[in-house]
**Q** 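What follows is a structure written as structure tokens; I'll ask about it next.
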Protein chains: 2
Amino acid sequence: MEPVQTEETGPARDARDAPDGQVLGQMIRDARKEKGLTLEEAAKAAAIGRSTLSKIENNLTKPSFDIIRRLMQTLDLKTPQLFVQSGDGDISGRRDYTLAGRGEHQETATYDHELLCTELTSKRMLPYISTIKARDVSEFESWVRHRGEEFMFVISGSLTLYTEHYRPLEMTEGDSVYYDSGMGHGCVSTSTEDARVLWVSL
Amino acid sequence: MEPVQTEETGPARDARDAPDGQVLGQMIRDARKEKGLTLEEAAKAAAIGRSTLSKIENNLTKPSFDIIRRLMQTLDLKTPQLFVQSGDGDISGRRDYTLAGRGEHQETATYDHELLCTELTSKRMLPYISTIKARDVSEFESWVRHRGEEFMFVISGSLTLYTEHYRPLEMTEGDSVYYDSGMGHGCVSTSTEDARVLWVSL
DNA sequence: GAAACTTTTTCCCTATTGGCAACAAATTTG
DNA sequence: CAAATTTGTTGCCAATAGGGAAAAAGTTTC
């Protein structure tokens with residue numbers, strides 16, 4: 001029996017996927033309201049004109065990147081959602097799960113990766129469980145390096161995390177680390193069993 | 001003895017923090033080059049004018065948000081770095097770790113959250129380990145809901161994940177799920193011990 | 001329910017964007 | 001090394017963003 005990976009998408013949601021960020025205004029307004037600010041206050045904080053903000057919220061203008069950036073700071077807007085284009089196969093209203101051990105395996109010389117929740121292709125974070133086969137740094141040809149951020153949680157065993165610019169970090173079950181994955185990095189098991197970690201990269 | 005949470009930042013990196021996105025042009029140009037595209041190709045792909053792109057890359061214009069968004073898609077630009085204001089404490093070249101059980105606790109009626117890697121304030125993903133105290137859906141006043149995406153991994157115990165639009169999902173140790181956290185959601189332990197899960201939200 | 005005040009929207013006007021096309025620079029080809 | 005082709009930059013101009021101020025809409029107060 002095949003495991004059901006993804007269930008049907010939820011029904012009739014707001015469905016305001018809206019063409020080309022026509023929702024942007026709404027989002028900004030929501031964010032402002034949530035912070036309990038008036039147009040004037042928010043505008044002043046972001047150092048823009050009252051009217052400008054009004055027009056943006058009502059989608060009467062296509063704001064400059066500069067303005068948006070200022071607003072993001074002021075309103076603590078999370079960057080990503082602003083860029084969600086029209087129904088771009090986004091994950092809105094969706095869910096995908098993977099049962100233990102049923103992920104998509106992908107093996108390298110030093111790692112054995114099990115990709116999780118692979119049905120949801122448009123997700124932004126990439127979660128996977130890895131078994132660290134490497135036992136010595138020398139097994140790595142070079143640093144693993146890819147623009148972005150990465151979070152790692154040790155599920156079992158113990159290991160040493162090597163990262164560029166830093167001294168090696170010893171980790172065991174339950175420990176976690178967050179780092180700029182643009183820095184070179186690599187793991188080596190130090191327990192008798194190969195260590196297993198959960199990685200989420202972005 | 002206090003655990004060292006964050007080590008010193010790596011040395012002398014590029015250090016082009018640059019005031020108010022004067023680097024934006026450079027970043028875009030880099031991204032384009034990296035994809036091996038000419039101005040023409042990139043511009044066409046993003047449906048903007050050749051010249052416009054040129055001017056943007058040379059910082060001769062303050063592009064509109066709309067234009068930037070199109071470029072981001074075309075060039076696979078990662079959102080965050082564009083918004084990094086001058087030295088805003090971004091994570092480039094940084095690392096932060098938390099030992100098992102040493103996270104920052106934050107308790108609610110139904111959960112007991114332990115925030116991880118809290119020294120790195122500007123990170124984009126939010127990782128935390130939660131103990132699910134709730135034993136029945138009725139304990140939730142309403143759906144938990146926050147714009148974004150969320151990944152959950154069951155560390156121990158078993159639970160039922162309730163999500164809006166879907167039928168409840170039974171999960172045990174090692175299972176994982178990824179969902180749009182804009183959908184209402186909530187967990188309830190079903191094992192004798194309170195279930196423990198790792199959440200990463202964005 | 002009118003007056004006083006707050007909050008938001010609408011005009012108006014100048015500064016600037018963004019696209020087209022001509023130009024310059026760089027690269028390839030014969 | 002000139003011609004041909006491609007890639008990047010600059011003028012030009014219509015379209016429009018963004019700020020100030022006035023008008024309108026929404027609240028509160030008496």
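We name chains A, B, ... by the order of the sequence lines, and we start the count at 1 in each one.
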**Q** Closest to the B/I67 side chain: D/dA17, C/dG19, D/dT9?
**A**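 My answer, after comparing the listed nucleotides, is C/dG19.
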**Q** Using side-chain heavy atoms (C-beta onward) and a distance below 4.5 Å, is B/R50 in contact with B/T52?
**A** no
**Q** Could B/K123 and A/D180 be called an ion pair, given the rule that one side-chain N must be under 4.0 Å from one carboxylate O?
**A** no
**Q** For A/L60 and C/dC11, give me the distance from atom CG to atom C1', rounded to whole Å.
**A**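 Nearest whole value for this atom pair: 13 Å.
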**Q** Salt bridge or not for B/E57 and B/R32, using N-O below 4.0 Å?
**A** yes
**Q** Which pairs, protein N/O on one side and nucleotides 20-22 of chain D N/O on the other, fall under 3.5 Å?
**A**
| unit_1 | atom_1 | unit_2 | atom_2 | d |
| --- | --- | --- | --- | --- |
| D/dG20 | O6 | A/S51 | OG | 3.1 |

**Q** Given that both pair distances must be under 3.5 Å and the pair must be Watson-Crick or G-U, what runs of three or more consecutive pairs involve DNA chain C?
**A**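 Detected stem regions: C:1-30 with D:1-30.
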**Q** With distance as the sole criterion, is a donor-acceptor pair present between the side chains of A/E170 and A/T160 under 3.5 Å?
**A**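 Yes, side-chain donor-acceptor contact under 3.5 Å.
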**Q** Is the Lys NZ or Arg CZ of A/R95 less than 6.0 Å from the centre of B/Y166's six-membered ring, within 45° of the axis?
**A**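 Yes, cation above the ring, under 6.0 Å and within 45°.
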**Q** With the side chain of B/T61 defined as its heavy atoms from C-beta on, choose the nearest nucleotide among D/dA17, C/dT17, D/dG8.
**A** C/dT17
**Q** Given D/dG8, D/dG19, C/dT9, which nucleotide is nearest the side-chain atoms of B/R29?
**A** D/dG8
**Q** For the residue pair B/S64 / A/S64, report whether a side-chain donor-acceptor contact shorter than 3.5 Å exists.
**A** no
**Q** What protein N or O atoms touch nucleotides 23-28 of chain C N or O atoms at under 3.5 angstrom, if any, and at what distances?
**A**
none

